[in-house]
Undergrad: 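One structure is given below, represented as structure tokens, and several questions about it will come after.
Computed from heavy atoms alone, side chains included, the values below leave out hydrogens, waters and symmetry copies.
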Amino acid sequence: GRLVTIESVAGIRERAGQFTEIWFAEPVPAAAFDGLDDVRDLTIDGRFLRCVVEGTADALIKRAATFTVERVNSRPPDLETIFLAYYGEAGMENNRGGNHDAA
């Protein structure tokens, strides 16, 4: 095993961001949400927006408010998702280093 981080659960959750989903009354253009501060992994499918907000949701909410918003859902990731994100990052770093042992 390898130690990935030493941090409180609250700290890890905070850094992981909030999964945020917004449903609009009409389809929205993806370009309208380009370059927002504290927003990553943003996808838009017609009337549905999904992203991760790290920090404040202010920029996202203000931009969304320029359209008719039907519903907003925001939730922290569960601990399993956070663990898998750390595990995946650690695994990617190990594989990048060329450390491949033959079986």
Undergrad: Could you note down all residue pairs passing salt bridge (charged side-chain N to carboxylate O under 4.0 Å, His left out) where residues 27-38 supplies at least one of them, sequence neighbours left out?
TA: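 Counting only pairs at least two positions apart or across chains, no salt bridge (charged side-chain N to carboxylate O under 4.0 Å, His left out) contact touches residues 27-38.
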
Undergrad: Please enumerate all residues that pass side-chain contact (heavy atoms from CB on, under 4.5 Å) together with Ala59, with sequence neighbours excluded.
TA: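 With sequence neighbours excluded, Ala59 shows a side-chain contact (heavy atoms from CB on, under 4.5 Å) to Leu36, given in chain and number order.
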
Undergrad: Supply the atom-to-atom distance Glu21 CD to Thr43 OG1, rounded to the nearest 0.5 angstrom.
TA: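 If we round to the nearest 0.5 Å, Glu21:CD and Thr43:OG1 are 9.5 Å apart.
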
Undergrad: Of all residues at least two apart in sequence or in a different chain, which pass the salt bridge (charged side-chain N to carboxylate O under 4.0 Å, His left out) check with Asp41?
TA: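 Result, salt bridge (charged side-chain N to carboxylate O under 4.0 Å, His left out) vs Asp41: none returned.
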
Undergrad: Going by side-chain hydrogen bond (donor to acceptor under 3.5 Å, both in side chains), name the pairs with one or both residues in residues 57-67, residues two or more places apart or in two chains.
TA: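 Sorted pair list: Asp58-Lys62.
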
Undergrad: Side chain to side chain donor-acceptor pair (under 3.5 Å) with Arg47: which residues, sequence neighbours excluded?
TA: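 Listed in chain order: Glu70.
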
Undergrad: Between atom CZ of Arg40 and atom CD of Glu54, what is the distance when rounded to the nearest 0.5 Å?
TA: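 If we round to the nearest 0.5 Å, Arg40:CZ and Glu54:CD are 4.0 Å apart.
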
Undergrad: Are Val39 and Ile61 linked, directly or through intermediate hydrophobic residues, by side-chain heavy-atom contacts shorter than 4.5 Å (ILVMFWY only)?
TA: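 Different clusters: Ile61 never reaches Val39 through Ile, Leu, Val, Met, Phe, Trp or Tyr contacts under 4.5 Å.
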
Undergrad: Residues in side-chain contact (heavy atoms from CB on, under 4.5 Å) with Thr68, at least two apart?
TA: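 For Thr68, the residues satisfying side-chain contact (heavy atoms from CB on, under 4.5 Å) (neighbours in sequence not counted) are Ala25.
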
Undergrad: What distance do Leu49 atom CG and Leu42 atom CG have between them, rounded to the nearest 0.5 Å?
TA: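 Leu49 CG to Leu42 CG: 4.5 Å, rounded to 0.5 Å.
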
Undergrad: Show which residues join Phe48 in its hydrophobic cluster (side-chain heavy-atom contacts under 4.5 Å, direct or indirect), or state none.
TA: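 In the cluster with Phe48 are Trp23.
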
Undergrad: So do the side chains of Leu60 and Cys51 get within less than 4.5 Å of each other, counting heavy atoms only?
TA: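 Heavy-atom side-chain distance check passes, below 4.5 Å.
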
Undergrad: With side chains defined as the heavy atoms from C-beta onward, is the minimum distance between Arg71 and Asn73 less than 4.5 Å?
TA: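 Of all side-chain heavy-atom pairs linking Asn73 with Arg71, none is under 4.5 Å.
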
Undergrad: Once you measure the plane-to-plane angle for Phe24 and Phe67, does it fall in the parallel (<30°), tilted (30-60°) or perpendicular (>60°) bin?
TA: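 Ring orientation, 0 to 90° scale: perpendicular.
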
Undergrad: Given the rule in the side-chain contact (heavy atoms from CB on, under 4.5 Å) test, do Val28 and Phe33 qualify, once you have shown the distances and angles that lead to the verdict?
TA: CA-CA 9 Å; Val28 294; Phe33 293 90; 4.0 Å; yes

Undergrad: side-chain contact (heavy atoms from CB on, under 4.5 Å) with Val72: which residues, sequence neighbours excluded?
TA: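 side-chain contact (heavy atoms from CB on, under 4.5 Å) list for Val72, sorted by chain: Ile22, Val69.
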
Undergrad: Determine the minimum heavy-atom distance between Ile44 and Ala30, stating which atoms define it.
TA: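 Taking every non-hydrogen atom into account, CD1-CA, 3.5 Å.
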
